[in-house]
Protein chains: 2
Amino acid sequence: MAHVTMKDVARLARVSPRTVSNVVNDYTHVSDDVRRRVVAAIDELGYRPNIVARNLRIGRTGLLALIVPEIDVPYFSELARAVIDAAADYGYRVMIDQTGHDHERERQLLTGHDRTMLFDGILFSPLVTQAEIAEMDSDATLPMILLGEHAFTGRFDHIAIDNTQAAYEATHHLVELGRRRIAAIGTQPKETYQTPQQRTAGYFAALDDAALPHEEELVIPAATYHRSDGYDAARRLLAMDQPPDAIFCYSDLLAMGAMRAVQDARLRIPDDVAVIGIDDIEEGRYSTPSLSTVSLDKDFIATRAVERLVERIEKPELDAQQIVAPHTLIVRDSTRPSPSDPASS
Amino acid sequence: MAHVTMKDVARLARVSPRTVSNVVNDYTHVSDDVRRRVVAAIDELGYRPNIVARNLRIGRTGLLALIVPEIDVPYFSELARAVIDAAADYGYRVMIDQTGHDHERERQLLTGHDRTMLFDGILFSPLVTQAEIAEMDSDATLPMILLGEHAFTGRFDHIAIDNTQAAYEATHHLVELGRRRIAAIGTQPKETYQTPQQRTAGYFAALDDAALPHEEELVIPAATYHRSDGYDAARRLLAMDQPPDAIFCYSDLLAMGAMRAVQDARLRIPDDVAVIGIDDIEEGRYSTPSLSTVSLDKDFIATRAVERLVERIEKPELDAQQIVAPHTLIVRDSTRPSPSDPASS
DNA sequence: TTGTAAGCGTTATCAC
DNA sequence: GTGATAACGCTTACAA
């Protein structure tokens with residue numbers, strides 16, 4: 001069963017392949033009579049244009065690659081949803097790859113045979129710094145936009161929130177609640193990952209402004225940002241002689257784990273320990289208690305990222321651009337003594 | 001800057017394109033000397049094979065399409081993670097499309113220009129019945145495997161759990177707790193979607209076995225399976241003159257919303273109202289209280305689905321197969337009056 | 001072991 | 001408006 005080709009349609013409709021192509025692509029300048037014949041032939045033969053052949057010819061695939069650490073981390077799946085929808089608006093579809101927090105895999109996806117002409121562009125949410133990416137991607141040829149990295153090198157387009165400021169606001173909010181021993185969860189053992197460092201800087205800055213000491217023992221690293229990491233880190237904090245009265249987590253998912261640990265320890269949120277995260281995943285709106293957080297505008301990030309990438313694809317010579325996405329502090333029950341918190345009654 | 005092609009490499013290395021191809025594809029029978037020359041030329045020119053051209057030639061793209069309602073619904077993002085990983089084991093990459101619970105969009109993705117030779121196969125998590133899919137996909141040409149639909153028509157490969165049995169076990173568990181007014185959340189207004197119907201059948205069967213009446217007012221529909229739907233449905237239930245003492249939700253996400261509504265109403269889980277879901281998303285292991293559920297083996301589903309799809313791609317003439325995925329009842333705090341450590345489940 | 005040449009199914013450049 | 005015909009960049013008989 002050889003595949004039905006344009007030629008077959010052309011023969012049946014008694015026209016040239018050129019005309020079939022015109023009809024398929026909705027070109028003008030095709031007489032109604034001929035168009036009808038061609039359409040009839042297409043239906044009769046069940047012809048479907050071969051996208052791959054078209055792609056080869058026109059040099060575009062209509063495919064974008066979205067590279068994230070893990071698609072089942074809510075922040076990334078919510079982002080992916082927005083990216084896929086935004087891409088659809090421009091006629092693009094999205095392939096998703098996972099690096100699994102593996103630097104080697106990141107390198108592979110960027111440099112290996114994978115990074116080929118199958119995609120028109122890449123949306124990359126990296127763990128490493130831009131400098132390292134530049135090194136990997138030395139013979140960069142594909143338009144790429146970086147998601148969630150902040151330090152701007154001028155080499156790549158990228159979009160991110162102001163991490164330092166976001167962390168400052170979260171910490172400052174805890175200070176305003178009157179908390180004095182404010183812990184942080186989410187520093188990174190490896191120093192290559194910039195985002196946590198910026199958040200730590202914001203956290204310390206807020207402590208400084210409140211004349212609170214930097215207590216190194218209250219700053220807990222997290223290898224990844226899963227619920228289990230938050231849980232383990234919070235347990236460590238609660239087991240201390242002087243446990244914290246507030247915890248700032250570098251992601252909502254860490255915060256979900258931390259909240260669970262606090263409640264397992266029979267402590268009340270926020271009365272005994274207040275908890276705040278960053279990301280604003282939907283899970284935090286329904287948890288008990290609901291989670292205070294710094295909301296990142298994912299739709300903004302996705303829309304602008306895709307928009308910019310498409311622009312790049314069309315004009316590869318453009319200068320790299322830095323886009324700062326907005327963020328908003330959102331106060332919910334985990335930092336607000338509220339009657340709707342059953343654990344506190 | 002015209003793209004560097006095989007011909008360019010061949011010229012520089014003083015060999016034929018054929019030989020370059022051999023080197024790129026790691027063929028045997030290439031003398032070390034020639035190979036070195038070719039590799040050197042590739043490096044010097046920064047040559048990258050054009051995957052699209054190769055795809056056209058060999059008739060495969062190495063791309064699978066995964067079509068789900070919404071990627072940011074935890075069940076689907078967890079499934080997608082497993083699918084992407086499983087596909088990678090077979091050398092495939094995965095493009096993700098969202099139908100957004102829109103039947104028209106489902107039809108479009110299946111029949112429209114989208115359903116072209118860009119993919120070697122499709123993994124489809126549909127809302128509608130197989131009969132409707134068969135109608136849409138009348139000139140089916142691409143290997144496709146259905147995810148999460150149960151009624152087997154012999155037309156398509158598909159994989160799913162035994163929904164009726166799973167629902168039976170969940171309901172039966174609530175019966176064993178001594179609950180007498182057991183509500184269900186998640187029936188579907190439209191009748192085309194089979195999964196909810198099967199779950200309702202299992203729910204009623206369990207009530208029958210316990211000699212409990214079918215109270216139609218305790219069976220609440222949900223247009224989609226989001227947290228907000230569960231929340232709204234539970235509020236309706238709790239506002240009744242005789243509110244239920246247990247709620248069986250057709251998805252964990254519905255259950256998360258329902259739990260929140262119960263707690264907002266100042267009722268205790270499970271003392272006043274026990275709650276159970278289906279899916280076993282990670283969120284339910286960390287929620288307060290942790291959520292009892294029927295666990296679907298997502299790794300099994302993803303692995304077997306991809307395995308089968310790849311088999312299909314290689315042998316399109318195979319008969320359609322039905323694969324039943326295992327499920328397990330998991331009892332957590334939402335149906336057990338004693339808190340526990342999430343690390344233990 | 002390597003070179004030659006014929007496609008894969010489109011789209012695009014010409015004429016007519 | 002429509003028809004030949006040449007690419008797009010690769011793989012692969014078939015030769016050498």
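Just so you know, these numbers come straight off a predicted model, no measurement behind them. Naming convention: chains lettered A, B, ... in sequence-line order (proteins, then strands); numbering from 1 in each chain.
Look at B:Thr5 and you won't find any side-chain N or O under 4.0 angstrom from OP1 or OP2 of D:dC8. The shortest distance between the side-chain N/O atoms of A:Ser31 and the OP1/OP2 oxygens of D:dT2 is below 4.0 Å.
Among all heavy-atom pairs drawn from B:Thr195 and B:Gly148, the shortest one is OG1-O, 3.1 Å. Closest non-hydrogen pair, B:Ala10 versus B:Pro17, comes out as CB-N, 3.6 Å.
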> Which letter, B, S or -, goes with each nucleotide of nucleotides 11-16 of chain C from 5' to 3', with contact meaning a protein heavy atom under 4.0 Å?
Replying inline: BBBB--
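Here A:Val52 lies out of heavy-atom contact (under 4.0 Å) with every strand. Residue contacts shown for A:Arg60 are absent, as no nucleic acid heavy atom lies under 4.0 Å away.
Rounded to a whole Å, the CG atom of A:Leu56 is 9 Å from the C1' atom of D:dA7. In this structure, A:Arg35 atom CZ and D:dG1 atom P are separated by 12 Å, rounded to whole Å. Nucleotide D:dT5 holds its C1' atom 11 Å from the NZ atom of A:Lys7, rounded to whole Å. For the pair B:Asn55 CG and C:dT10 P, the interatomic distance rounds to 15 Å; values are reported in whole Å. Going from atom CG of B:Asp26 over to atom P of D:dT11 covers 12 Å, rounded to whole Å. Rounded to whole angstrom, the span from the CZ atom of B:Arg48 across to the C1' atom of D:dC10 amounts to 17 Å. Atom pair B:Asn50:CG and D:dT11:C1' shows a separation of 13 Å (rounding to whole Å applied). If you take CZ of A:Arg14 and P of D:dT2, they are 16 Å apart, rounded to a whole angstrom.
Using a 4.5 Å heavy-atom cutoff, the side chains of B:Tyr225 and B:Gln188 are in contact.
Nearest to the side-chain atoms of A:Ser16 among the listed nucleotides D:dA4, D:dC10, D:dC8 stands D:dA4.
A salt bridge does not link B:Glu78 with B:Arg81: none of the charged nitrogens is closer than 4.0 Å to a carboxylate oxygen. Taking a cutoff of 4.0 Å between a charged side-chain nitrogen and a carboxylate oxygen, A:Arg308 and A:Glu311 qualify as a salt bridge. The pair A:Arg36-A:Asp32 fails the salt-bridge criterion, with no side-chain N (NZ, NE, NH1 or NH2) lying under 4.0 Å from an Asp/Glu carboxylate O.
A side-chain donor-acceptor contact under 3.5 Å links B:Arg18 and B:Asn22.
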